[in-house]
Amino acid sequence: MRLSRYPINTMKETPAEAEVLSHQLMLRAGLIRRLAAGLYSWLPLGLRVLQKVERIVREEMNRAGALELVMPVVQPAELWQESGRWSEYGPELLRFKDRHERDFVLGPTHEEVVTDIVRRELQSYRQLPVNFYQIQTKFRDEVRPRFGVMRAREFIMKDAYSFHLDAASLQAGYRAMYDAYTRIFTRTGLTFRAVRADSGAIGGDVSQEFHVLADSGEDAIVFSDADDYAANLEVAVALPPSQPRPAAREPLRKVATPGARTIAELARQLQVEPARCVKTLIVDGGDGEVVALVVRGDHELNALKAQKLPGVAAPLTLASAAQVQQATGTEPGYVGLVGLKCRIYADHSALALADFVCGANEKDQHLTGVNWERDVQGATAADLRKVVEGDPSPSGKGVLKIARGIEVGHIFQLGDKYSRPMKAAVLDEAGREVTLLMGCYGIGVTRIVAAAIEQNHDERGIIWPQPIAPFQVILVPLNLHKSARVREVSERLYEELTAAGIEVLYDDRDARPGVKFADAELLGVPHRLVVGERSLEAGKLEYRHRRDSASIEFPAADARDFLRQRLAG
RNA sequence: CGGGGUGUAGCUCAGCUUGGUAGAGCGUUUGGUUCGGGACCAAAAGGUCGCAGGUUCAAGUCCUGUCACCCCGACCA
């Protein structure tokens with residue numbers, strides 16, 4: 001491709017709309033342009049990267065035996081009503097009416113549509129298992145789209161759906177997708193990790209996420225330093241302390257703590273460790289009641305764990321000030337456990353405390369020397385908190401570490417969540433009708449591009465992993481207009497390399513060397529070939545990998561073979 | 001949806017406090033000088049100052065409303 005014919009517009013300055021690095025670089029390099037919040041156009045250069053990723057995904061899905069199809073983006077409401085998600089999915093599902101006043105949605109995912117296909121097309125167990133996938137535009141009306149294509153409203157997803165007669169087959173299909181995903185992310189050149197996850201709005205029992213490790217990642221992921229345990233922070237299990245609770249020694253005492261609404265302030269006033277205090281959070285129980293959730297002062301509540309407890313409303317909602325007043329007689333900040341009437345869930349580590357501090361249910365007052373059983377009865381033990389670095393791993397080996405990740409893939413064993421309400425069944429060997437079991441598997445194709453940049457860049461620009469680079473080689477002639485020899489050699493090289501199947505971006509613009517170098521580095525093409533009078537004098541060309549800090553010279557006549565070697569290695 | 005912020009040339013921003021002929025840098029076009037790390041000189045094109053209403057002799061600037069976008073929190077590939 002001749003750069004003179006490729007209308008890219010690189011920018012020296014960072015557009016104000018971009019906060020994260022990948023977004024800034026994608027705009028500066030001319031990969032994408034914003035149309036509206038969460039909606040992006042992919043310019044030719046960006047599209048090349050996207051297509052590279054798609055090709056890898058497609059090859060590995062095909063290799064795993066999945067069958068590609070395409071389903072409509074616009075879907076009738078009836079299907080969503082049938083699965084129950086018309087009411088469950090919430091405002092992220094964009095709904096609209098057509099001219100006949102019929103309800104439709106813009107597909108955020110395709111479980112309903114694929115299940116509808118399968119129940120019509122498949123009649124016999126002999127046709128199972130089967131896995132259908134597509135690479136297609138999705139729309140989710142995100143509350144807050146951000147970070148460019150990382151969390152866009154419209155994005156490209158590879159979504160796959162497998163159907164099975166029994167659990168063993170579902171597990172085998174799931175495992176096959178796990179392996180395919182591992183190959184896909186390995187091939188794209190990303191550093192990633194598979195972690196245990198919550199299944200969220202998609203539903204089902206077993207699920208894992210694939211995260212690209214990057215400091216800018218939105219998710220916290222947790223892993224053991226001694227084995228392969230890894231989980232999203234949302235679901236990472238906090239083990240109960242191994243030490244038994246010490247005996248009560250102090251008497252219950254009420255102390256004045258003016259203005260101490262936070263654990264930090266309380267600990268400062270009373271000169272105690274936050275770990276000796278407990279936080280009591282009053283949340284909505286969903287049935288008009290409220291529930292108290294208790295965690296140790298130095299711990300944070302894990303909302304996902306909490307909202308799965310019986311009698312707790314999901315999504316988790318903190319009780320209003322009025323509700324708190326009614327249930328405890330005081331305001332948030334002074335809520336305590338002694339004499340509390342509502343249902344109490346206490347985190348294991350809070351339950352292991354003796355002689356601890358909590359609110360007195362009275363403004364500007366706290367209690368010290370509080371003890372379970374003696375002063376507070378009826379609390380239910382639960383895992384309520386977010387794990388912290390240094391906690392023992394639930395796997396039994398090692399301690400937990402926490403890193404940031406970008407979720408690029410998610411695989412689920414859905415079971416019959418969709419096939420049962422939508423009546424997707426086949427006849428088994430004995431002629432009995434069997435409801436299908438289902439798995440689903442997503443990859444954020446557009447997100448992979450952003451994640452790749454987050455993981456591979458320097459102060460000058462992008463450094464593409466070769467498998468997804470828009471071009472393999474950038475050919476940079478210096479002072480083209482001045483030197484007939486440079487022009488002649490460059491033109492010939494471009495023809496020769498292109499004919500050899502190498503993807504060359506040829507910077508044939510009449511620009512100064514500094515401009516060309518700066519653009520080459522911003523664009524991040526992995527291999528750079530410089531043609532200049534200086535080395536041509538000795539019959540040489542200059543080569544430099546985007547990661548290297550210095551160029552090497554080699555005989556101009558060997559260009560094709562030299563490059564092939566570099567591309568292979 | 002709650003909290004914070006910004007809308008002025010393609011991009012980055014100044015001008016607004018104190019109302020009086022709309023600016024700079026980058027980019028673009030033309031000519032010239034340059035030419036191995038984002039050159040220089042000269043000329044030029046390019047703006048309903050987000051939109052609507054109001055105050056005023058006069059509004060980019062003051063007032064009211066509205067829209068869009070960005071950032072922080074709860075959701076997700």
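A note on names: the letters A, B, ... follow the listed sequences, proteins ahead of strands, and every chain is numbered from 1.
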Checklist entry - Can you check the A:Asn302 CG to B:A74 C1' distance for me, whole Å? => result 13 Å

Item to check | Whole-Å distance separating the CZ atom of A:Phe210 from the C1' atom of B:A77 | outcome: 13 Å

Checklist entry - With a 4.0 Å cut-off on heavy atoms, is A:Ala152 in touch with a base, just the backbone sugar-phosphate, or nothing at all? => result base

Please set out all donor-acceptor pairs under 3.5 angstrom arising from side-chain atoms of residues 473-481 of chain A, sequence neighbours excluded.
| from | atom 1 | to | atom 2 | distance (Å) |
| --- | --- | --- | --- | --- |
| A:His481 | ND1 | A:Asp510 | OD1 | 3.2 |

Identify the pairs formed between an N or O of the protein and an N or O of nucleotides 30-39 of chain B at a distance under 3.5 Å, and give each distance.
| from | atom 1 | to | atom 2 | distance (Å) |
| --- | --- | --- | --- | --- |
| B:U34 | O2 | A:Arg512 | NH1 | 2.7 |
| B:C35 | O2' | A:Asn479 | OD1 | 2.8 |
| B:C35 | O2' | A:Asn479 | ND2 | 2.9 |
| B:C35 | O2 | A:Asn479 | OD1 | 3.3 |
| B:C35 | N3 | A:His481 | NE2 | 2.9 |
| B:C35 | N4 | A:His481 | NE2 | 2.7 |
| B:G36 | O2' | A:Arg534 | NH2 | 2.6 |
| B:G36 | O6 | A:Arg534 | N | 3.4 |
| B:G36 | O6 | A:Glu542 | OE2 | 3.3 |
| B:G36 | N1 | A:Glu542 | OE1 | 3.1 |
| B:G36 | N1 | A:Glu542 | OE2 | 2.6 |
| B:G36 | N2 | A:Glu542 | OE1 | 2.4 |
| B:G37 | O6 | A:Arg528 | NH1 | 3.4 |
| B:G37 | O6 | A:Arg528 | NH2 | 3.3 |
| B:G37 | O6 | A:Arg544 | NH1 | 3.3 |
| B:G37 | N1 | A:Glu521 | OE1 | 3.3 |
| B:G37 | N1 | A:Glu521 | OE2 | 2.9 |
| B:G37 | N2 | A:Arg460 | NH1 | 2.9 |
| B:G37 | N2 | A:Glu521 | OE1 | 2.2 |
| B:G37 | N2 | A:Glu521 | OE2 | 3.4 |
| B:G38 | O2' | A:Lys12 | NZ | 2.9 |
| B:G38 | N2 | A:Asp519 | OD1 | 3.1 |
| B:A39 | OP2 | A:Arg512 | NE | 3.3 |

Next on the checklist: Which residues pass the side chain to side chain donor-acceptor pair (under 3.5 Å) test with A:Tyr506, not counting sequence neighbours?
Outcome noted: A:Glu491

Checklist entry - Hey, which of these two, A:Glu407 or A:Ala37, hits RNA chain B nearer its 5' end, going by closest nucleotide? => result A:Ala37

Item to check | Side-chain heavy atoms of A:Ile32 within contact of A:His23, under 4.5 Å | outcome: yes

Next on the checklist: Parallel, tilted or perpendicular: which one describes the rings of A:Phe210 and A:Phe192, with boundaries at 30° and 60°?
Outcome noted: tilted

Checklist outcome for this item: Across all chains, not counting sequence neighbours, the side-chain contact (heavy atoms from CB on, under 4.5 Å) partners of A:Pro7 are none

Item to check | Partner set under side-chain contact (heavy atoms from CB on, under 4.5 Å) for A:Ala77, not counting sequence neighbours | outcome: A:Gln81, A:Trp86, A:Asp103

Next on the checklist: Between P on B:A77 and CZ on A:Phe192, what's the gap in Å once rounded to a whole number?
Outcome noted: 18 Å

Item to check | Presence of salt bridge, A:Lys417 and A:Glu111, under 4.0 angstrom | outcome: no

Scan the side chains in residues 521-530 of chain A for donor-acceptor partners under 3.5 Å anywhere in the protein, sequence neighbours excluded, and list what turns up.
| from | atom 1 | to | atom 2 | distance (Å) |
| --- | --- | --- | --- | --- |
| A:Glu521 | OE1 | A:Arg460 | NH1 | 3.2 |
| A:Glu521 | OE2 | A:Arg528 | NH1 | 3.4 |
| A:His527 | ND1 | A:Tyr543 | OH | 2.7 |
| A:His527 | NE2 | A:Gln466 | OE1 | 2.6 |

Item to check | Parallel, tilted or perpendicular: rings of A:Tyr181 and A:Tyr441 (30°, 60°) | outcome: perpendicular

Checklist entry - What residues, two or more places apart in sequence or in another chain, satisfy side-chain contact (heavy atoms from CB on, under 4.5 Å) together with A:Arg146? => result A:Arg144, A:Arg151, A:Glu218

Between the protein and nucleotides 4-10 of chain B, are there any N/O to N/O pairs under 3.5 Å, and if so, what are the atom names and distances?
none

Checklist entry - When only distance counts, do a donor and an acceptor, one from the side chain of A:Arg151 and one from the base of B:C76, lie under 3.5 Å apart? => result yes

Checklist entry - Is there a donor in the side chain of A:Tyr6 and an acceptor in the side chain of A:Asp507, or the other way round, less than 3.5 Å apart? => result no

Checklist entry - What is the nucleic acid contact for A:Glu209, judged by heavy atoms within less than 4.0 Å: base, sugar-phosphate only, or nothing? => result nothing

Checklist entry - Which part of the nucleic acid does A:Thr317 contact within heavy-atom distance under 4.0 Å: base, sugar-phosphate only, or nothing? => result nothing

Checklist entry - Is any side-chain heavy atom of A:Glu88 closer than 4.5 Å to a side-chain heavy atom of A:Trp80? => result no

Item to check | Any donor-acceptor N/O pair under 3.5 Å between B:G27 base and A:Glu13 side chain | outcome: no

Using atom names, set out every protein N or O paired with an N or O of nucleotides 71-73 of chain B below 3.5 Å, distance rounded to 0.1 Å.
| from | atom 1 | to | atom 2 | distance (Å) |
| --- | --- | --- | --- | --- |
| B:C72 | OP2 | A:Arg144 | NH1 | 3.2 |
| B:C72 | OP2 | A:Arg144 | NH2 | 2.6 |
| B:C72 | N4 | A:Arg144 | NE | 3.4 |

Checklist entry - Step by step, would you call A:Arg63 with A:Glu60 a salt bridge (Lys or Arg N to Asp or Glu O under 4.0 Å)? => result CA-CA 5 Å; A:Arg63 188 214 291 240; A:Glu60 292 300 336; 2.9 Å; yes

Checklist entry - Are the charged groups of A:Arg183 and A:Asp179 less than 4.0 angstrom apart, N to O? => result no

Checklist outcome for this item: Per the 3.5 Å Watson-Crick/G-U criterion and a run length of at least three, the stems involving RNA chain B are B:1-7 with B:67-73, B:10-13 with B:23-26, B:28-33 with B:39-44, B:50-54 with B:62-66

Next on the checklist: Tell me whether A:Arg33 is salt-bridged to A:Glu17, with the criterion being a basic N under 4.0 Å from an acidic carboxylate O.
Outcome noted: no

Checklist entry - Who pairs with A:Ala231 by side-chain contact (heavy atoms from CB on, under 4.5 Å), at least two apart in sequence or on another chain? => result A:Arg196, A:Tyr229, A:Val235, A:Ala236

Item to check | Close residues, residues 40-48 of chain A, relative to RNA chain B [heavy-atom separation under 4.0 Å] | outcome: none

